[in-house]
Amino acid sequence: MLDKLSLYFSNDFVIYALIVGVLIALCSSLLGVTLVLKRFSFIGDGLSHVAFGAMAIATVVNLTNQTLLVLPITLISAVLLLRTGNNTKIKGDAAIAMISVGALAFGYMLMNIFPSKSRSGNVAGDVCSTLFGSTSILTLKESDVILCAIMSVIVVIIFVLFYNKIFAVTFDENFAKATGVNANGYNLLIAIVVALIIVLAMNLVGSLLISALVIFPALSAMRMFRSFKTVTIASAFISVVCAFVGIFVSIMAGTPVGSTIVAADVVAFGLCCVGGIIKK
């Protein structure tokens, strides 16, 4: 067992996968608490479907760096979701459903209309890997790790710098507005950061499982703690540990990376629920 571990960890691709996985898990957990408390948990799910549609377009037009198209489209959709969600005629949940389902259907249709443009020539395989995660996390280059690290640092800096404002907008948006806080601006900032996280996490867990990476650690921490700061720190810790364990088990057992990480999050949630009951 130890020899096998030593062999795996002597390879750069394993180290790269762990670094990227931990960074993405950390970023995902930071805003998870805010999204859950604001009852906007499914914005991650909606934006991930948009990212899937954007990735399909990038595949059709043969973009070598798909992030150049996926990121701006996801950012624009985040803004539209926020604006449309504040519309009295179209509520937030309806807006998310409209955009996410439309993007998912559009992306799948494109990949079937232009099967020759598929990355591997296997449409079903490409769709499956995009929705549920692929093994590309294990074929990362040093440049991919650096890009992920830079974007992760940006997300963490934004969260730390605007922590107090995000806290105010999360718990009482009307009171925050009354005290002069630009609530709409900070809601927009939250949506943009979530879009960045979605694009980062696409290759790790797939578009259908991203919302689990955002929500489960936050819900797990809420079972054990009560204050916003403590819950956020605990959520980040749980998310990082689950990502590490998930990637480790995936490499050792040969299971899909994304689903293994989410499975670890589900187990952690169950343990936290039990811990919360015992704590009471």
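Residues: numbered from 1 along the sequence shown.
When every heavy atom of Val50 is checked against every heavy atom of Ala103, the shortest pair comes out as CA-CB, 3.5 Å. For Cys273 against Arg223, the heavy-atom pair with the smallest separation is SG-CD, 3.6 Å. Residues Cys242 and Ala264 come closest through the heavy atom pair SG-O, 3.5 Å. Between Ile247 and Gly21, the closest heavy-atom pair is CD1-CA, 3.7 Å.
Side chains of Asp265 and Ser220 form no contact here, defined as non-hydrogen atoms less than 4.5 Å apart. Side-chain contact between Val262 and Leu213 is absent, with no heavy atoms from C-beta onward closer than 4.5 Å. Between Thr260 and Phe248 the shortest side-chain heavy-atom distance does not fall below 4.5 Å. Within the 4.5 Å cutoff, the side chain of Ile238 has heavy atoms near those of the Cys272 side chain.
By the criterion of side-chain heavy atoms lying less than 4.5 angstrom apart, applied directly or through intervening Ile, Leu, Val, Met, Phe, Trp or Tyr residues, Leu71 is grouped together with Leu189 in one hydrophobic cluster. There is a path of hydrophobic side-chain contacts, each under 4.5 Å, that joins Leu188 to Tyr186. Grouping the Ile, Leu, Val, Met, Phe, Trp and Tyr side chains by contacts below 4.5 angstrom, directly or via other members, places Ile15 with Ile261. Cluster annotation: Leu69 and Met109 are assigned to the same hydrophobic cluster (Ile/Leu/Val/Met/Phe/Trp/Tyr, side-chain heavy-atom contacts under 4.5 Å, transitive). Each of Val267 and Met222 belongs to its own hydrophobic cluster when Ile, Leu, Val, Met, Phe, Trp and Tyr are linked at side-chain heavy-atom distances under 4.5 angstrom.
Within the model, atoms CD1 of Ile197 and OG of Ser28 stand 5.0 Å from one another, a figure rounded to the nearest 0.5 Å. Atoms CD1 and CG, from Ile192 and Asn187 in turn, are 11.0 Å apart once rounded to the nearest 0.5 Å. Residue Ile277 holds its CD1 atom at 11.0 Å from CE of Met224, rounded to the nearest 0.5 Å.
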Show me the donor-acceptor pairs within less than 3.5 Å that the side chains of residues 146-161 make with the rest of the protein, sequence neighbours left out.
{"from": "Ser152", "atom 1": "OG", "to": "Cys148", "atom 2": "O", "distance (Å)": "2.7"}

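Remark: the backbone N or O of Gly246 is not paired with any side-chain donor or acceptor of Ser250 at under 3.5 angstrom. Checked by atom type and distance alone, the side chain of Ser239 never pairs as donor or acceptor with a backbone atom of Ser235 at under 3.5 Å.
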Evaluate side-chain contact (heavy atoms from CB on, under 4.5 Å) for Thr34 paired with Phe167, printing each intermediate quantity in order.
-> CA-CA 8 Å; Thr34 296; Phe167 173 81; over 6 Å; no

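Checked options Leu30, Leu31, Leu35, Leu37; the residue passing with Val33 is Leu37 (criterion: side chain to side chain contact (heavy atoms under 4.5 Å, CB included)).
Ring geometry for Phe228 versus Tyr163: interplanar angle of 30 to 60°, hence tilted.
With sequence neighbours excluded, no residue satisfies ring-ring contact (aromatic ring centres under 6.0 Å, His included) with Phe237.
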